[in-house]
Novice: 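Pasting in a structure now, in structure tokens, and then I'll have a few things to ask.
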Amino acid sequence: MDKLKDFFISFILPMVITLLIFLGIWQFVGAPVTISGESMAPTLENSERVWLNRLASDYSRGDIIVFDAPDGSGDEYIKRVIGVPGDTVAFKDDTLYINGEAVDEPYLNVIRALNPGRQIMPNESLQTLPTTQASQVPEGKLFVLGDNRPVSKDGEEFGFIDQDTIKGTVPFRIWPLNKIGKIEPVDPQEVAIEQS
């Protein structure tokens, strides 16, 4: 009986504790997420892996977040926060305006370079979008868009998202190995080199 007890204490108990710690981290702290699709390209490419920070609870413009798909499909989407509660959001001549001020979006430089002379975002605002029709982002909501605006299914199509559907923020990439680190905008010159 002592051997069984010793085996349990020295082998089984540490394994159970390790498993519980791992599951706790996975459920409450963070987890790896695999990118599926091109809506955030080239910032995040299909099959890359990122770290989901589940502890985030305050969302800022520019954050990349994971949230439940608004269509109730059970899917999760990954998009960039464009407008937070109280913001007005408008696009004119391919420039984003938040609260009436032009905002630089360096993460769109590659998409613009790949689509010369094409407007990647139509002239519109929260008031003119059929999915939002609001003067500003309501409390408890966010307005999100994908970085690959020509192909992304995002706030332009489904409107605002509820903050309580957010799973967390995506602060850094964990795969592939040559891209591990904080997520930064891609240099258009790098994409041109890769495509040649």
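Model, not experiment: these values are computed from the prediction.
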Novice: For I120, is there any backbone N or O sitting under 3.5 Å from a side-chain donor or acceptor partner on D94?
Specialist: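 Yes; at least one donor-acceptor contact below 3.5 Å.
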Novice: Determine the sole option in V144, L142, L126 for which the side-chain contact (heavy atoms from CB on, under 4.5 Å) test with F160 is passed.
Specialist: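 Output: one option passes, namely L126.
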Novice: For residues S39 and K153, determine if any side-chain heavy atom of one lies less than 4.5 Å from a side-chain heavy atom of the other.
Specialist: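 Heavy-atom side-chain distance check fails, nothing below 4.5 Å.
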Novice: Under 4.5 Å between any side-chain heavy atoms of E156 and P122, yes or no?
Specialist: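 Heavy-atom side-chain distance check passes, below 4.5 Å.
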Novice: Is there a side-chain hydrogen bond (donor to acceptor under 3.5 Å, both in side chains) between D71 and S73 once you walk through the steps?
Specialist: CA-CA 5 Å; D71 61 8; S73 64; 2.8 Å; yes
Novice: With a 4.5 Å cut-off on side-chain heavy atoms, are L44 and Y107 touching?
Specialist: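 The answer is no, as the side chains (C-beta and beyond) never meet within the 4.5 Å cut-off.
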Novice: Given 3.5 Å as the limit, does a donor-acceptor pair link the side chain of D63 with the main chain of Y59, or not?
Specialist: no
Novice: Is the side chain of D154 donor-acceptor paired with the backbone N or O of R149 at a distance under 3.5 Å, no angle test?
Specialist: no
Novice: Has R49 got a side-chain atom pairing as donor or acceptor with P32's backbone, closer than 3.5 angstrom?
Specialist: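 Answer holds: no.
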Novice: I'd like to know whether F91 forms a side-chain contact (heavy atoms from CB on, under 4.5 Å) with M121, so could you lay out the CA-CA distance, the side-chain angles of the two residues, the decisive distance to 0.1 Å, and finally the verdict.
Specialist: CA-CA 7 Å; F91 294 89; M121 198 69 188; 3.4 Å; yes
Novice: Between K182 and P171, is any pair of side-chain heavy atoms under 4.5 Å apart?
Specialist: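 They are not in side-chain contact.
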Novice: Would you check if the side chain of N46 reaches a backbone N or O of G37 as a donor-acceptor pair within less than 3.5 Å?
Specialist: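 Side chain of N46 to backbone of G37: a pair is present.
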Novice: Tell me whether the rings of F172 and W51 are parallel (<30°), tilted (30 to 60°) or perpendicular (>60°).
Specialist: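 If you compare the ring of F172 with that of W51, the planes turn out parallel.
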Novice: Please check if I65 and F158 belong to a single hydrophobic cluster, counting links between Ile, Leu, Val, Met, Phe, Trp and Tyr side chain heavy atoms closer than 4.5 Å.
Specialist: yes
Novice: Do L52 and R54 have side-chain heavy atoms sitting under 4.5 Å apart?
Specialist: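 When only atoms from C-beta onward are counted, R54 and L52 do touch, with a gap below 4.5 Å.
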Novice: Would you check if E38 and E45 make a side-chain contact, meaning some heavy-atom pair closer than 4.5 Å?
Specialist: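 Yes, side chains in contact.
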Novice: Scan side-chain atoms only and decide if Q119 and N123 contain a donor-acceptor pair under the 3.5 Å cut-off.
Specialist: yes
Novice: Backbone N or O of E76 within a donor-acceptor pair of the D68 side chain at under 3.5 Å?
Specialist: no
Novice: Looking only at heavy atoms, which two atoms of I161 and P70 are closest? And how far apart?
Specialist: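 So the two residues come closest at CG2-CG, 4.1 Å.
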Novice: Is there a donor-acceptor contact under 3.5 Å from the side chain of S125 to the main chain of Q127?
Specialist: yes
Novice: State whether the side chain of T88 and the backbone N or O of I98 hold a donor-acceptor pair below 3.5 Å, judged by distance alone.
Specialist: no
Novice: Less than 4.0 Å between a side-chain N and a carboxylate O, is that true for D87 and K141?
Specialist: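 Salt bridge absent between K141 and D87.
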Novice: A side-chain contact here means heavy atoms from C-beta on lying under 4.5 Å apart; do T43 and N148 qualify?
Specialist: no
Novice: Should V89 and L96 be marked as a side-chain contact (heavy atoms from CB on, under 4.5 Å) after you check the CA-CA gap, both sets of side-chain angles, and the distance that decides it?
Specialist: CA-CA 7 Å; V89 178; L96 168 64; 3.8 Å; yes
Novice: Tell me, do R118 and P150 make a side-chain contact under 4.5 Å, heavy atoms counted?
Specialist: yes
Novice: CG of D75: more than 12 outside heavy atoms within 6.0 angstrom?
Specialist: yes
Novice: side-chain contact (heavy atoms from CB on, under 4.5 Å) with M40: which of V170, I35, I64, I183?
Specialist: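 Passing option: I64.
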